[in-house]
Trainee: 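A single structure is presented below for examination.
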Amino acid sequence: MKYGVADYGMNVWFGGNYDLADRLANLKAIGFNGIERLEATDAADAVARAAEFRKLGMDFATVRMTNVTQSMLYTAAFGKDYTWLLPGSSSRDVKLDVFVRRTKEFCKACAKFNITAAIHNHLGNTIESQDELDYLMREVPEATLLLDIGHLAGANGNVLGTLEKYYDRIAAIHFKDIFFKDENAEAWTSRLRFCELGGGNKPGFVDWQGTAEFLKAKGYDKWVLVEHDTHLQDPYADLKISIDALKAILD
């Protein structure tokens with residue numbers, strides 16, 4: 001099993017990722033094995049960044065380039081298994097059947113590189129609810145799942161049931177907890193924020209402990225990715241709390 005960081009929240013806190021080597025070294029020091037995505041603009045940039053990972057004994061799960069076709073190509077070239085499923089817009093304005101149609105074509109393109117397209121369930125996106133996720137997984141059996149347990153719980157989905165149902169199609173898992181700001185707010189960004197494991201104010205709402213126990217029992221050996229979309233303090237402090245909590249169960 002590899003422990004990584006989906007570092008969106010870090011980029012929000014710091015304003016960006018200005019020094020990849022520094023970030024990787026800091027994450028390695030608190031127990032992580034890498035970050036989810038190598039991000040690059042061209043071939044030379046991708047190779048140089050991949051070399052930084054290798055030099056520091058760190059790794060990445062997938063690649064994001066400036067367009068989806070290049071992301072597929074470089075994900076395959078570096079021997080990784082999945083790329084994010086990004087078949088055009090993923091907003092709530094996109095009809096589900098349109099998204100599914102586009103997903104089928106996206107998956108066909110990925111198959112040519114012998115990689116999979118992983119759907120990342122997300123509040124505010126086309127695939128948000130349990131029903132929407134189940135529909136896509138049923139209609140596009142080639143798709144894999146980049147399961148975000150926080151976003152699924154936030155949409156009142158069944159995290160453990162989803163894991164059990166789609167375990168053989170899991171590409172990776174995002175771990176986070178939820179702190180509710182205003183449960184009556186209509187917009188999800190006003191209703192909640194995502195935080196470090198154990199930092200939620202409704203214990204058990206995101207069953208991250210049960211998820212980790214399930215993965216250990218199954219002998220899961222893919223990426224476990226910690227993502228805190230919002231930090232209220234130094235991100236490395238939050239991330240250390242989360243990885244220690246996960247390793248207490250998984251190691």
Side-chain angles (χ1 to χ4, degrees), residues 1-10 13 20-38 50 52-62 78-82 116 118 120-121 144-153 158-179 194-231 233-251:
M1 185 182 307
K2 291 183 178 180
Y3 296 95
V5 174
D7 52 355
Y8 166 79
M10 298 185 74
W13 177 267
L20 175 63
D22 183 65
R23 178 167 293 185
L24 293 176
N26 288 335
L27 290 173
K28 184 176 183 178
I30 59 174
F32 285 96
N33 305 115
I35 60 177
E36 182 175 15
R37 296 190 287 196
L38 181 155
E52 287 288 349
F53 279 90
R54 183 76 175 184
K55 182 169 68 174
L56 291 165
M58 296 288 270
D59 203 355
F60 53 95
T62 187
F78 286 117
K80 305 307 178 183
D81 295 325
Y82 74 90
T116 66
H120 176 53
N121 60 290
T144 53
L145 177 58
L146 174 55
L147 177 62
D148 190 303
I149 67 171
H151 279 281
L152 189 59
N158 183 344
V159 171
L160 286 177
T162 297
L163 272 172
E164 291 172 355
K165 188 172 184 179
Y166 302 118
Y167 180 77
D168 292 337
R169 295 169 66 182
I170 295 291
I173 301 175
H174 281 194
F175 273 82
K176 59 188 65 169
D177 208 340
I178 290 178
F179 187 96
F194 296 111
C195 62
E196 73 281 2
L197 301 181
N201 56 351
K202 289 184 69 174
F205 186 85
V206 181
D207 191 4
W208 59 269
Q209 292 169 307
T211 299
E213 289 165 357
F214 174 88
L215 296 179
K216 182 172 184 177
K218 296 287 285 188
Y220 179 83
D221 62 357
K222 299 178 183 178
W223 281 94
V224 167
L225 300 160
V226 176
E227 182 181 39
H228 307 149
D229 302 54
T230 303
H231 290 282
Q233 64 174 343
D234 181 351
Y236 294 108
D238 286 339
L239 291 165
K240 181 68 164 59
I241 291 169
S242 289
I243 192 169
D244 287 350
L246 281 174
K247 286 187 172 183
I249 298 172
L250 291 169
D251 283 1

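The structure displayed is predicted, hence computed values, not measured ones. All values below come from the heavy atoms of this structure, side chains included, with hydrogens, waters and symmetry mates left out.
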Trainee: Please tell me if the side chains of L163 and L215 come closer than 4.5 Å, counting only heavy atoms from C-beta onward.
Mentor: yes
Trainee: List the steps and the verdict of side chain to side chain contact (heavy atoms under 4.5 Å, CB included) for F32 and V226.
Mentor: CA-CA 10 Å; F32 285 96; V226 176; 3.9 Å; yes
Trainee: Going by the rule ring-ring contact (aromatic ring centres under 6.0 Å, His included), which residues pair with H231 if we only count those two or more places apart in sequence or in a different chain?
Mentor: H228
Trainee: Can you give me the closest heavy-atom contact between D7 and R23, atom names plus distance?
Mentor: OD2-NH1, 2.9 Å
Trainee: Test of understanding: with salt bridge (charged side-chain N to carboxylate O under 4.0 Å, His left out), list the residues that count as partners of K216, not counting sequence neighbours.
Mentor: none
Trainee: Roughly how far apart are I241 CD1 and L239 CG, rounded to 0.5 Å?
Mentor: 9.0 Å
Trainee: Once side chain to side chain donor-acceptor pair (under 3.5 Å) is applied, do any residues pair with Y8, and if so which ones, sequence neighbours excluded?
Mentor: none
Trainee: Taking distance alone, no hydrogens or angles, what donor-acceptor pairs closer than 3.5 Å link side-chain atoms of residues 195-204 to residues at least two apart or in another chain?
Mentor:
residue	atom	partner	partner atom	Å
N201	OD1	F180	N	2.8
N201	ND2	F180	O	3.0
K202	NZ	E183	OE1	3.4

Trainee: Just wondering, do L20 and F53 contact through their side chains at under 4.5 Å, heavy atoms?
Mentor: yes
Trainee: Counting only pairs under 3.5 Å, give me each side-chain donor-acceptor contact of residues 244-251, with atom names and distances, residues two or more places apart or in other chains.
Mentor:
residue	atom	partner	partner atom	Å
D244	OD1	K240	NZ	3.3
D244	OD2	K240	NZ	2.6
K247	NZ	G31	O	2.8
D251	OD1	Y3	OH	2.6

Trainee: Kindly give the heavy-atom pair with the smallest separation between T116 and T144, and that separation in Å.
Mentor: OG1-OG1, 3.0 Å
Trainee: Please find the pair of heavy atoms, one from A61 and one from Y82, that lie closest to each other, and give the distance.
Mentor: CB-OH, 3.5 Å
Trainee: So, N121 side chain and D148 main chain: donor-acceptor pair closer than 3.5 Å or not?
Mentor: yes
Trainee: V206 versus K176: any side-chain heavy-atom pair under 4.5 Å?
Mentor: no
Trainee: Side chain to side chain contact (heavy atoms under 4.5 Å, CB included) with A21: which residues, sequence neighbours excluded?
Mentor: D19, E52, L56
Trainee: Donor-acceptor pairs under 3.5 angstrom involving side-chain atoms of residues 218-225: please list them, not counting sequence neighbours.
Mentor:
residue	atom	partner	partner atom	Å
Y220	OH	W223	O	2.7
K222	NZ	I170	O	2.6

Trainee: Mind checking what makes ring-ring contact (aromatic ring centres under 6.0 Å, His included) contact with Y236, not counting sequence neighbours?
Mentor: none
Trainee: With rounding to the nearest 0.5 Å, note down the distance linking NZ in K2 to CG in D59.
Mentor: 3.5 Å
Trainee: Taking salt bridge (charged side-chain N to carboxylate O under 4.0 Å, His left out) as the definition, give me every residue that meets it alongside D177, ordered by chain and number, with sequence neighbours left out.
Mentor: none
Trainee: Closer than 3.5 angstrom, by distance alone: can the side chain of D207 be matched with the main-chain N or O of G210 as a donor-acceptor pair?
Mentor: yes
Trainee: Between F175 and I173, which heavy-atom pair has the shortest distance, and what is it?
Mentor: CE1-CG2, 3.7 Å
Trainee: Could you walk me through whether H174 and H120 pass the ring pair (Phe, Tyr, Trp, His ring centres under 6.0 Å) test, one step at a time?
Mentor: CA-CA 9 Å; H174 281 194; H120 176 53; 4.8 Å; yes
Trainee: By salt bridge (charged side-chain N to carboxylate O under 4.0 Å, His left out), which residues pair with E36, not counting sequence neighbours?
Mentor: none
Trainee: Listed by chain and number, what are the salt bridge (charged side-chain N to carboxylate O under 4.0 Å, His left out) partners of R37, not counting sequence neighbours?
Mentor: none
Trainee: Specify whether F194 and H151 have parallel, tilted or perpendicular ring planes, treating 30° as the upper limit for parallel and 60° as the lower limit for perpendicular.
Mentor: tilted
Trainee: Any side-chain heavy atom of K80 within less than 4.5 Å of one from L38?
Mentor: no
Trainee: Under the side chain to side chain contact (heavy atoms under 4.5 Å, CB included) test, which residues partner T162, sequence neighbours left out?
Mentor: Q130, L133, L145, L147, L152, Y166
